[in-house]
Amino acid sequence: NYFVDISAGTTAPPPDRSAPSVTAVSPAEGATGVSAAANVTVTFSEPMDQPAAQAAFSLTGPAGAVTGSFSWSGNVMTFDPAANLAASITYTARVTTGAKDPAGNALAPEKAWSFTTGAAPVGVAAAPTGTTVLTGTLRGGAAANLGADDNVYYQVNSTATATRTSAWYGSFTGVPNALSNLRVSYTGKNSRTCTQRIEIWRWTTSAWVQLQSQSVGTSEVAVSSLAPTGVLADYVSGTTGDGELRIRIRCTTSTGSFYSSGDLMRIAYDRP
């Protein structure tokens, strides 16, 4: 398997004449429900001439070719689309025989495959289905009063001694563990200026997580689009299917008793 280079007087391995091939792809052939944010990867059987392999690759959908950028890790080429793919669309990826290894051997055979992206998530906006007073006493109203910004309030009296405190939460049921893009909004006021905290219950640690804190007095203050950090499923009871999500309003002051008035509480999220 070796030849003698007479002019040099040495032996050398024979030239590489083996064609490279594609050994794996992702998303897989025929895959469905693929994330719109997915990248496309191609694994080759050997190192490749990277510019030639990139030029030989294409990803197309009904709207035409998808633009993007490339990166490499060993024999694996990754294509990152410039924007998320469209929902519920079948895309075709292709690597032609224009892909070559460093010795100039062309890919054999050409590789083409298709996959389909998942449906677009459904946007949901919800008001609480129930309320619970944790500290203080109910002054008036019910969860239904938190469904609209209409100056009809859910009200909770603070404690009357030491650090005056009112704390209550709204319960949201039927929230999927697989939610995404969660946002929290609240509009309310207090009969006396106090430090108001908006918090969300993390079921996995049994603790309230602060989303926002500010002084709020007798004028209504609207807070919108508060975004919890971390794994959103941690804020929903259970581990699969639908569960409960809780948002707490807690206000404290040392200057005197007061009552908290909630006008609007809402969450918005995407359901898969």
Side-chain angles (χ1 to χ4, degrees), residues 124-177 179-217 220-239 241-253 257-269 271:
V124 177
T129 54
T131 53
T132 300
V133 176
L134 297 174
T135 307
T137 58
L138 179 65
R139 183 182 181 90
N145 299 124
L146 297 166
D149 186 1
D150 55 6
N151 296 324
V152 179
Y153 299 98
Y154 174 79
Q155 297 179 313
V156 175
N157 293 314
S158 72
T159 54
T161 59
T163 299
R164 278 66 168 182
T165 303
S166 71
W168 57 275
Y169 68 82
S171 299
F172 299 81
T173 54
V175 180
N177 270 269
L179 82 166
S180 61
N181 197 31
L182 175 62
R183 297 292 185 271
V184 176
S185 299
Y186 176 72
T187 300
K189 62 181 182 179
N190 303 290
S191 62
R192 182 188 298 272
T193 299
C194 55
T195 301
Q196 176 181 284
R197 297 173 178 84
I198 302 176
E199 301 166 314
I200 186 169
W201 180 253
R202 180 185 282 141
W203 293 85
T204 52
T205 58
S206 297
W208 291 102
V209 177
Q210 181 173 295
L211 300 177
Q212 196 250 13
S213 177
Q214 65 176 325
S215 293
V216 177
E220 271 196 10
V221 174
V223 181
S224 61
S225 296
L226 298 177
T229 59
V231 179
L232 295 184
D234 291 350
Y235 301 111
V236 182
S237 64
T239 56
D242 292 350
E244 179 191 358
L245 184 148
R246 297 174 178 177
I247 300 298
R248 182 171 78 166
I249 306 300
R250 184 174 185 270
C251 213
T252 58
T253 183
S257 300
F258 66 95
Y259 59 88
S260 169
S261 298
D263 195 1
L264 172 72
M265 179 182 283
R266 181 174 297 163
I267 62 172
Y269 59 89
R271 173 183 284 275

Between A160 and S257, the two heavy atoms sitting closest are CA-OG, 3.4 Å
Partners meeting side-chain contact (heavy atoms from CB on, under 4.5 Å) with S180 (sequence neighbours left out): D270
Looking at OH of Y269 and CG of L245, how far apart are the two atoms once the value is rounded to the nearest 0.5 Å? 9.0 Å
Search all heavy atoms of Y153 against all heavy atoms of D263 and return the closest pair with its distance. CE2-CB, 3.6 Å
Which value, rounded to the nearest 0.5 Å, describes the distance between S158 atom OG and F258 atom CZ? 4.5 Å
Does the side chain of S206 come within less than 4.5 Å of W201's, by heavy atoms? yes
Is there side-chain contact between P176 and V236, with at least one heavy-atom pair below 4.5 Å? no
Qualifying salt bridge (Lys or Arg N to Asp or Glu O under 4.0 Å) pairs with a residue from residues 143-164, counting only residues at least two apart or across chains: none
Just checking, is any N or O donor in the side chain of T165 or T135 under 3.5 Å from an acceptor N or O on the other one? no
Can a side-chain donor-acceptor contact be found between E244 and T173 if the only test is distance below 3.5 angstrom? no
Please answer whether the main-chain N or O of S171 pairs with a side-chain N or O of T129 as donor and acceptor at a distance below 3.5 Å. yes
Applying side-chain hydrogen bond (donor to acceptor under 3.5 Å, both in side chains), name anything that partners R139, two or more places apart in sequence or on another chain. N157
Measuring from atom CG of N181 to atom CZ of R271, what distance do you get when rounded to the nearest 0.5 angstrom? 14.5 Å
Side chains of M265 and T131: closer than 4.5 Å at any heavy-atom pair? no
With Q155 as partner, the option from S166, S260, S261 fulfilling side-chain hydrogen bond (donor to acceptor under 3.5 Å, both in side chains) is S261
What residues form a side-chain hydrogen bond (donor to acceptor under 3.5 Å, both in side chains) with R266, not counting sequence neighbours? none
What heavy-atom pair brings I247 and W208 nearest, and what distance separates the two atoms? C-CZ3, 4.2 Å
Looking at Y169, is its backbone amide N or carbonyl O close enough to the side chain of T132 to form a donor-acceptor pair, meaning the two atoms are under 3.5 Å apart? no
Which pair of heavy atoms, one from G262 and one from W168, lies closest together, and at what distance? CA-CZ2, 4.3 Å
Min side-chain heavy-atom separation E220-N151 under 4.5 Å: yes
Between CD of Q214 and SG of C251, what distance do you get to the nearest 0.5 Å? 9.5 Å
For R183, salt bridge (Lys or Arg N to Asp or Glu O under 4.0 Å) partners two or more places apart: none
In terms of heavy-atom contacts, S237 and N177 come closest through O-ND2, 3.2 Å
Do V175 and I267 have side chains that approach each other closer than 4.5 Å (heavy atoms only, starting at C-beta)? yes
Rounded to the nearest 0.5 Å, how far apart are CG of L182 and CZ of F172? 9.5 Å
According to salt bridge (Lys or Arg N to Asp or Glu O under 4.0 Å), does anything in residues 190-206 pair up with another residue at least two apart or in another chain? List the pairs. E199-R248
For L146 and A127 the tightest heavy-atom approach is O-CB, 4.4 Å
Quick check for you: to the nearest 0.5 Å, what is the distance between I198 atom CD1 and Q210 atom CD? 9.5 Å
Are side-chain heavy atoms of Y154 and L138 found at a separation under 4.5 Å? yes
